[in-house]
Amino acid sequence: MPVQNAEVAGIFERVADLLEIQGANPFRVRAYRNAAQVVRSLPHALHELVEREEDLSKLPGIGRDLAAKIEEIVRTGSLALLEEIGREIPLSLIELLALPGLGPKRVRALHEELGIRTIRDLERAARAGRLRDLPGFGEKTERAVLAAIEKHAVGERRTLWIEAEDVVRTLTSFLEADPGVKRITAAGSFRRKRETVGDLDILVTCRRGAKIADRFVGHEDVAEVVSKGETRSTVILRSGLQVDLRVVPQVSYGAALQYFTGSKAHNVAVRRLAVKKGLKINEYGVFRGKQRVAGRTEQEVYAAVGLPFIEPELREDRGEIEAARRNRLPHLIRVEDIRGDLHVHTKASDGHATIEEMALAARRLGYSWLAISDHTRATRVAGGMDARAMRRHLRRIEEADARIKGIRLLKSAEVDILEDGSLDLPDAVLEEMDIVVCAIHSGFRLSREKQTERILRAMDHPCFHVLAHPTGRLIGRREPYEIDLERVIAAAAERGCFLEVNAQPLRMDLTDIWCKAAREAGVKLALATDAHDVAQLELMRLAVGNARRGWLEAGDVLNTLSWSKLKRVLSASG
DNA sequence: GCCGTTTTCGGCCCGACTGTTTTCAGTCG
């Protein structure tokens, strides 16, 4: 099994952690962290680039040294440097860094002064009261360390975007009740629409800082106040989600919004541009010397460094700065561009609403068409239909389509791709459908080679249109199955097939970086809620958010087409 | 360790809060 990009990134992250504990040059540490990030968001398998003898030092942030180290990891599965460092200090020190309040300096002191190597060692020392006498430590720190260890055992988890959205709604209306408040915006990874968020950053402009902080930490969902100040307060909610409140004056709103929206890597890149122009950017504005030259809006901030506005979803330092410089930023797709949903269920399989109910709900959303895609026989647990049942079901879709005005219903199904790559319905039934959505629901453990071949074989079927939830992952619950997405994308481009962006909050599949890769390969995407009831039709905003993170424009997705155009595209592909 | 329409050497983003400090280091985002 070839070395994956994530493993390379993991090794670089460990090297960075350990170098930092050793007190190495901070810029060298940053180089490793930066390289880890670049490798992680790279839509190409490093082992293939190495095989093809491509010049890795052309990658941003990768020079001759790191290129050689990537090659070493890909070829040998390990890195001599890491083993070398491991002979100097225990690798287990990395786990100590995960504890809040412990950074590289303190971890180093713990190791050097007390011989601590693991969290277990640390817990014993803290209970014995041996931490408080170390320079820079005290009783309070000792207690905090113990508390952190206890929490660590519970394990931390990122929060799904949609759950964060709920918290944002609650807190926003709570804070708005304070008459001094002017504006409230949730920034951070939530605003960038990442599939999960680590914490929430809420930005507030108001007349008096102190009062709003009091109100904030007093919310009934707050379990713990981590810190509280005039401009910044941090709490942990009962759900475990950390929320930061930032209070800034009106004139700084744009600068603060830009700053706290991130990503960190994007901000670093923007500030680098500012430095070159003799400017300084912080959360209060853009400054030349002591003179504030911008900061009221985000547009002003970007303009100050000579860039057009960059949409939050693009701010990941994945080429957006360069694109902005050349005025080549994509015109990102918007929710208003969507004219239909390409994959929803009904009571005919495991949905909870009838065809009619789904159709009327879609019409209320302003859609002009809707694809009804219920399960087939192989997915028995979900009430999958065999050929006869599916035929009857298709007739019912036709009847509903004739009866309900103002929306077009597409005959479809979520057809199982069987282990041999064949489709789970006879060709004659597939040929009756407007759009054939295909998916894997079993045989997740096939080898990468076999899984990929299975999908390519399915794509060879003349009726195949869309590959639904292409990697099968469930965030935090199930890893994606082994699959060579680069080959799948190339094959889809060749055959004129489409890849789905599934909006179910746990799926969000394809992910942003693969959306971008598909777009670059000329493959169109099919946004779909996979809705199992009427309310879930509104998950479309999640698919759109993901699509925007993947640089997709209206022209890159099927959902922006009118029914007549969609029909032409589908028959050309089928 | 990377990078270069000011540089192949000398830079490399910035501020708030906490705790242990008597003016600041460490951590965090």
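Below, chain A is the first sequence line, B the second, and so on; all start at residue 1. Keep in mind it's a predicted model, so treat the numbers as computed, not measured. Note: hydrogens, waters and symmetry copies are ignored here, and every other heavy atom, side chains too, is used.
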- For atom C1', what is the distance between B:dT23 and B:dT18, given to the nearest Å? 15 Å
- Message: Say we look at B:dC12 and B:dT6: how far apart would their C1' atoms be, to the nearest angstrom?
- Response: 16 Å
- Query: Is A:Glu313 salt-bridged to A:Lys193, going by a charged N under 4.0 Å from an acidic O?
  - Reply: yes
- Base, sugar-phosphate, or nothing: which does A:Lys277 touch, judged by heavy atoms less than 4.0 Å apart? nothing
- Query: For the pair made of CG in A:Leu273 and P in B:dT5, what is the distance, rounded to whole Å?
  - Reply: 12 Å
- Message: Nearest whole Å is fine: how far is B:dT5 P from A:Arg272 CZ?
- Response: 13 Å
- Query: Do A:Glu95 and A:Arg120 meet the salt-bridge criterion of a basic N to acidic O distance under 4.0 Å?
  - Reply: no
- Note on the structure: Whichever of A:Thr231 and A:Val275 has the more 5' nearest nucleotide on DNA chain B, that residue is A:Val275
Please list each protein N or O that sits under 3.5 Å from an N or O in nucleotides 23-29 of chain B, with the distance.
| unit_1 | atom_1 | unit_2 | atom_2 | d |
| --- | --- | --- | --- | --- |
| B:dT27 | OP1 | A:Gly103 | N | 2.7 |
| B:dT27 | OP1 | A:Gly103 | O | 3.1 |
| B:dT27 | OP1 | A:Arg106 | N | 2.9 |
| B:dT27 | OP2 | A:Lys105 | N | 3.2 |
| B:dT27 | O5' | A:Gly103 | N | 3.4 |
| B:dC28 | OP1 | A:Gly101 | N | 2.5 |
| B:dG29 | O3' | A:Arg246 | NH2 | 3.2 |
| B:dG29 | N2 | A:Tyr259 | OH | 2.9 |

- Task: Just compare B:dC17, B:dC14, B:dC2 and give me whichever is closest to any side-chain atom of A:Lys280.
- Result: B:dC14
- Shortest non-hydrogen contact from A:Val286 to A:Ala304? CG1-CB, 3.9 Å
- Query: Can a salt bridge be assigned to the pair A:Arg33 and A:Glu13 using a cut-off of 4.0 Å between side-chain N and carboxylate O?
  - Reply: no
- Is there a donor-acceptor contact under 3.5 Å linking the side chains of A:Ser189 and A:Arg194? no
- Expressed as a whole number of Å, how far does the C1' atom of B:dA25 sit from that of B:dT20? 9 Å
- Can you tell me the distance, in whole Å, between the CZ atom of A:Arg292 and the P atom of B:dC14? 16 Å
- Note on the structure: Scanning all shown strands, the Watson-Crick or wobble mate of B:dG19 with both distances under 3.5 Å is B:dC24
- Task: Please check if any side-chain donor atom of A:Gln504 sits under 3.5 Å from a side-chain acceptor atom of A:Asp509, or the reverse.
- Result: no
- Pairwise P distance, B:dG10 and B:dG15 [rounded to whole Å]: 26 Å
- Base orientation of B:dT6, chi within 90° of 0 counted as syn, else anti, reads anti
- Query: Taking atom P of B:dG4 as reference, at what distance in whole Å does atom NZ of A:Lys58 sit?
  - Reply: 14 Å
- Between B:dG4 and B:dT8 - P atom distance, rounded Å: 13 Å
- Could you list by number each residue of residues 27-48 of chain A showing a heavy-atom separation from DNA chain B of less than 4.0 Å, or answer none if no residue does? A:Phe27, A:Arg28, A:Arg30, A:Ala31, A:Tyr32
- A:Arg215/A:Asp178 salt bridge by N-O under 4.0 Å criterion: no
- Atom pair distance, as rounded to whole Å: CZ in A:Phe287 and C1' in B:dG15: 12 Å
- Task: Decide, yes or no, whether a salt bridge links A:Glu479 with A:Arg473 under the criterion of side-chain N to carboxylate O below 4.0 Å.
- Result: no
- Item | P gap between B:dT21 and B:dA16, integer Å | 24 Å
- Query: If you pin A:Glu142 and A:Asn267 to their nearest nucleotides in DNA chain B, which one's is more 5'?
  - Reply: A:Asn267
- Query: If the P atom of B:dG19 is compared with that of B:dG11, how far apart are they to the nearest Å?
  - Reply: 37 Å
- Please determine if A:Asp512 and A:Lys516 form a salt bridge, counting it only when a charged side-chain N lies under 4.0 Å from a carboxylate O. no
- Rounding to a whole Å, what distance do you find between A:Phe216:CZ and B:dC17:C1'? 15 Å
- Query: Does a side-chain N-to-carboxylate-O contact under 4.0 Å join A:Asp201 and A:Arg191?
  - Reply: no
- Residues from residues 131-141 of chain A sitting under 4.0 Å of DNA chain B, heavy atoms only? A:Gly136, A:Phe137, A:Gly138, A:Glu139, A:Lys140, A:Thr141
- Item | B:dG1 phosphate, OP1 or OP2, under 4.0 Å from A:Lys69 side-chain N/O | yes
- Between A:Lys276 (NZ) and B:dT6 (P), how many Å, whole number? 8 Å
Side-chain donor/acceptor pairs under 3.5 Å, residues 108-117 of chain A, sequence neighbours excluded:
| unit_1 | atom_1 | unit_2 | atom_2 | d |
| --- | --- | --- | --- | --- |
| A:Arg108 | NE | A:Glu112 | OE2 | 3.2 |
| A:His111 | ND1 | A:Ile116 | O | 3.2 |

- According to the salt bridge (charged side-chain N to carboxylate O under 4.0 Å, His left out) rule, which pairs have a member within residues 323-336 of chain A, sequence neighbours left out? A:Glu322-A:Arg325, A:Glu322-A:Arg326, A:Arg334-A:Glu336, A:Arg334-A:Asp337
- Could you name each residue pair satisfying ring pair (Phe, Tyr, Trp, His ring centres under 6.0 Å) that touches residues 164-183 of chain A, not counting sequence neighbours? A:Phe174-A:His219
